[in-house]
Amino acid sequence: MASSFPPLLPKVDAILVLDGEGNRLAGKYYGDFMRAAPPSSSPENGDSSDNAAAAQSVEQLRASFERQLQSKIGGIAARPDAAEVVTVLGKTAVFCG
């Protein structure tokens, strides 16, 4: 009997280092986190402009997520020895002050 329980360990989708203004200093996204939907063009088309547009779309999604994250955590006075938790675009973010 198979049941769908949530995973026992949390999944890390991204690790980000942002400056005080929300600009990404360093970052790594894992899996399909914040990826745009694949283009509907056929695979035999092989148009590199579609790939470039998709990459730009992914970068725009990630930049938007980072801006929203910064705007949400900007007013929180986090203690340096504690973690704070916020939710942005349905994703849970843990950050340290």
Side-chain angles (χ1 to χ4, degrees):
M1 178 176 176
S3 61
S4 41
F5 290 108
L8 297 176
L9 296 174
K11 178 182 168 194
V12 175
D13 289 320
I15 297 174
L16 301 171
V17 178
L18 304 177
D19 67 6
E21 297 174 358
N23 299 315
R24 183 184 334 137
L25 300 176
K28 176 68 177 165
Y29 288 90
Y30 300 98
D32 59 354
F33 180 72
M34 300 302 292
R35 286 226 175 126
S40 60
S41 63
S42 63
E44 59 264 352
N45 191 4
D47 191 3
S48 63
S49 66
D50 287 341
N51 292 339
Q56 184 178 8
S57 171
V58 169
E59 187 59 32
Q60 289 173 345
L61 280 171
R62 291 176 177 175
S64 173
F65 173 77
E66 292 164 7
R67 281 192 306 274
Q68 289 182 27
L69 178 63
Q70 175 59 30
S71 70
K72 197 154 198 180
I73 66 175
I76 298 175
R79 293 179 25 198
D81 62 342
E84 301 289 339
V85 179
V86 295
T87 301
V88 178
L89 296 176
K91 302 291 184 181
T92 302
V94 180
F95 68 96
C96 299

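Quick note: numbers below take in every heavy atom, side chains included, and nothing from hydrogens, waters or symmetry partners.
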Quick note, ring-ring contact (aromatic ring centres under 6.0 Å, His included) partners involving residues 51-93, not counting sequence neighbours, are Phe33-Phe65
Residues 66-89 vs ring-ring contact (aromatic ring centres under 6.0 Å, His included), sequence neighbours excluded, gives none
For [X], check salt bridge (Lys or Arg N to Asp or Glu O under 4.0 Å) against everything at least two apart and list the hits.
X     : result
Asp19 : none
Arg24 : Glu59, Glu66
Glu84 : none

Please tabulate, for side-chain N and O atoms in residues 68-78, each donor-acceptor pair with protein atoms closer than 3.5 Å (sequence neighbours left out).
from  : atom 1 : to    : atom 2 : distance (Å)
Gln68 : NE2    : Ser64 : OG     : 3.4
Gln70 : NE2    : Gly20 : O      : 3.0
Ser71 : OG     : Gln68 : O      : 2.9
Lys72 : NZ     : Thr87 : O      : 2.6

Say whether Val12 and Leu16 are linked into one hydrophobic cluster, either directly or through other cluster members, by side-chain heavy-atom distances under 4.5 angstrom. no
Under the side-chain hydrogen bond (donor to acceptor under 3.5 Å, both in side chains) test, which residues partner Asp32, sequence neighbours left out? none
At their closest point, which heavy atom of Ala14 faces which heavy atom of Tyr29, and how far apart are they? CB-CD2, 3.6 Å
Are any non-hydrogen side-chain atoms of Asn23 and Leu18 less than 4.5 angstrom apart? no
